[in-house]
Amino acid sequence: MAHVDPDFTLKLVETPEELAAAQRLRYRVFVEELGGGGALVDHAARLEKDRFDPFFDHLVLIDNALECDPIDRVVGVYRLLRDDKAAEIGQFYSEDEYDLSVLKNSGRKLLELGRSCLLPAYRGGSAMFHLWNGLAAYVFEHEIEILFGVASFHGTDVEALKQPLSLLHHRHLAPEDLRARAQSAHYQSMNLVDEGEIDRRKAMLEVPALIKAYLRLGGFVGDGAYVDNAFNTTDVCLIMDTERLNAKQKAIYTKGLQS
């Protein structure tokens with residue numbers, strides 16, 4: 001349960017202990033809550049981790065008001081990978097799922113977002129606003145032009161998700177110059193229902209809050225979904241071009257709001 005008056009600190013991970021705290025939060029959300037898994041998940045220590053972690057910057061939101069072990073005070077996390085760091089690994093995390101050639105060949109500065117999560121008690125409040133402000137500052141500092149990453153629907157039953165997936169395909173498909181495509185070997189079409197047959201209100205209610213937040217900012221989705229059985233999710237690729245952001249929201253990514 002969130003403290004009545006959270007005492008937030010937002011920072012980039014600097015120590016192994018802070019990284020473990022981020023991985024603990026990810027375990028609580030992605031493994032315990034959502035039923036996910038992975039080759040490097042440490043169930044004994046309750047840490048969700050993978051081989052990409054050392055290359056990412058980890059933005060963490062800490063609630064200092066919680067009276068608990070410091071490893072459990074991280075209540076929000078974002079994982080950030082710049083293109084220069086991806087070059088060191090040889091790929092972006094999401095390249096296992098999506099062909100990112102159109103983005104990588106654009107000549108623009110890229111930032112991959114991932115593992116975004118909050119503890120349930122902090123969802124729908126100010127915590128996400130703090131994380132977004134931290135992300136905005138990071139984008140400005142590193143002169144990022146395109147943000148992208150996979151975002152997930154819970155579950156792997158595509159039939160159950162056909163309405164919201166089709167809505168995203170028909171209404172929010174990225175323009176061709178930004179249209180990453182699910183890798184051919186596991187391409188799952190999102191064009192499952194004719195646009196005229198979509199119950200738009202019901203379909204949008206089924207779209208996860210994080211995806212809706214990106215769409216409100218002017219974000220797009222790539223072509224095709226990826227069914228991730230290991231994580232018990234159906235993933236879409238979200239893409240945001242800072243030059244195309246809705247004018248109303250664009251101020252979030254300008255120097256004027258960085259203090």
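One is the number of the first residue; the rest follow in order along the sequence.
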Audit row: Leu238, Val221, side-chain contact (heavy atoms from CB on, under 4.5 Å) steps and yes/no: CA-CA 5 Å; Leu238 285 166; Val221 297; 3.8 Å; yes

Same apolar cluster: Leu47 and Leu61, side chain cutoff 4.5 Å: no

Test item: Arg28 and Leu119 side chains (from C-beta on) under 4.5 Å apart, heavy atoms: yes

Within-4.5 Å side-chain heavy-atom neighbours: Thr156 and Thr233: no

Audit row: Val227, Asp235, side-chain contact (heavy atoms from CB on, under 4.5 Å) steps and yes/no: CA-CA 6 Å; Val227 178; Asp235 298 343; over 6 Å; no

Shortest non-hydrogen separation from Asn232 to His154 and the atoms involved: ND2-CE1, 3.2 Å

Sub-6.0 Å ring centroid separation between His43 and Tyr27: yes

Taking every non-hydrogen atom, the tightest pair across Leu210 and Trp132: CD1-CZ2, 4.5 Å

Under 3.5 Å: donor-acceptor pair, side chain of Asp228, backbone of Ala230: yes

Smallest separation among heavy atoms of Ala21 and Pro70, with atom names: CB-O, 4.4 Å

Under 3.5 Å: donor-acceptor pair, side chain of Glu48, backbone of Val31: no

Ionic contact status for Arg123 with Glu33, cut-off 4.0 Å: yes

Side chain to side chain, Val236 and Val150, heavy atoms closer than 4.5 Å: no

Test log, rule salt bridge (charged side-chain N to carboxylate O under 4.0 Å, His left out), inputs Arg79 and Asp57: CA-CA 6 Å; Arg79 200 166 75 157; Asp57 280 334; over 6 Å; no

Single-linkage hydrophobic cluster, 4.5 Å side-chain cutoff, Leu173 and Leu217 together: no

Neighbour count above 12 (heavy atom, 6.0 Å) for Lys109 NZ: yes

Donor-acceptor side-chain pairing of Asn191 and His170 below 3.5 angstrom: yes

Nearest-0.5 Å distance, OG of residue Ser101 to CD of residue Glu95: 7.5 Å

Test item: Arg82 side-chain N/O and His142 main-chain N/O as donor-acceptor pair under 3.5 Å: no

Ser94 side chain reached by Glu112 side chain, heavy atoms, under 4.5 Å: yes

Asp42 with Arg24: basic N within carboxylate O range, under 4.0 Å: no

Close side-chain approach of Val77 to Val29, heavy-atom, < 4.5 Å: no

Closest contact, heavy atoms only, Ser116 versus Met128: OG-CE, 4.3 Å

Pair Gln188-Thr234, side-chain donor/acceptor within less than 3.5 Å: no

More than 12 heavy atoms from other groups under 6.0 Å of NZ on Lys212: yes

Qualifying residue, where the test is ring-ring contact (aromatic ring centres under 6.0 Å, His included) with Tyr93 and the options are Tyr98, Phe55, Phe52: Phe52

Pair Tyr226-Asp96, side-chain donor/acceptor within less than 3.5 Å: no

Interatomic distance, Leu111 atom CG to Met240 atom CE [nearest 0.5 angstrom]: 10.5 Å

CD-CD1 distance between Glu18 and Ile71, expressed to the nearest 0.5 angstrom: 11.5 Å

Side chain Asp199, main chain Lys202, donor-acceptor under 3.5 Å: yes

Residues Leu40, Arg51; criterion side-chain contact (heavy atoms from CB on, under 4.5 Å); working and verdict: CA-CA 8 Å; Leu40 296 182; Arg51 67 185 181 90; 4.3 Å; yes

Distance-minimising heavy-atom pair for His172 and Met204: NE2-CE, 4.1 Å

Distance-only side-chain donor-acceptor flag, Asp53 / Gln23, under 3.5 Å: yes

Pairwise distance CG(Asn64) to OG1(Thr9) - rounded to 0.5 angstrom: 4.0 Å

Full working for salt bridge (charged side-chain N to carboxylate O under 4.0 Å, His left out) between Asp83 and Lys104: CA-CA 8 Å; Asp83 45 19; Lys104 294 171 71 175; over 6 Å; no

Lys/Arg cation over aromatic Phe220: Arg179, 6.0 Å, 45° cone: no

Test log, rule side-chain contact (heavy atoms from CB on, under 4.5 Å), inputs Gln163 and Val193: CA-CA 7 Å; Gln163 287 265 337; Val193 179; 4.2 Å; yes

Inter-residue atom distance Leu10.CG - Tyr78.OH, 0.5 Å rounding: 11.5 Å

Residue pair Ile146 / Ser106: nearest heavy atoms and the distance that separates them: CD1-OG, 4.1 Å

Ile62 side chain reached by Val75 side chain, heavy atoms, under 4.5 Å: no

Same cluster (ILVMFWY, side-chain, under 4.5 Å), Leu34 and Val41: no

Student check: side-chain heavy atoms of Phe30 and Arg115 closer than 4.5 Å: yes

Centroid-centroid distance, Phe148 to Phe92, less than 6.0 Å: yes

Same apolar cluster (I L V M F W Y, side chains within < 4.5 Å links), Val74/Leu12: yes

Distance in Å, Leu161 CG paired with Leu167 CG, rounded so as to fall on 0.5 Å steps: 12.5 Å

pair Glu67-Arg73: side-chain heavy atoms closer than 4.5 Å: no

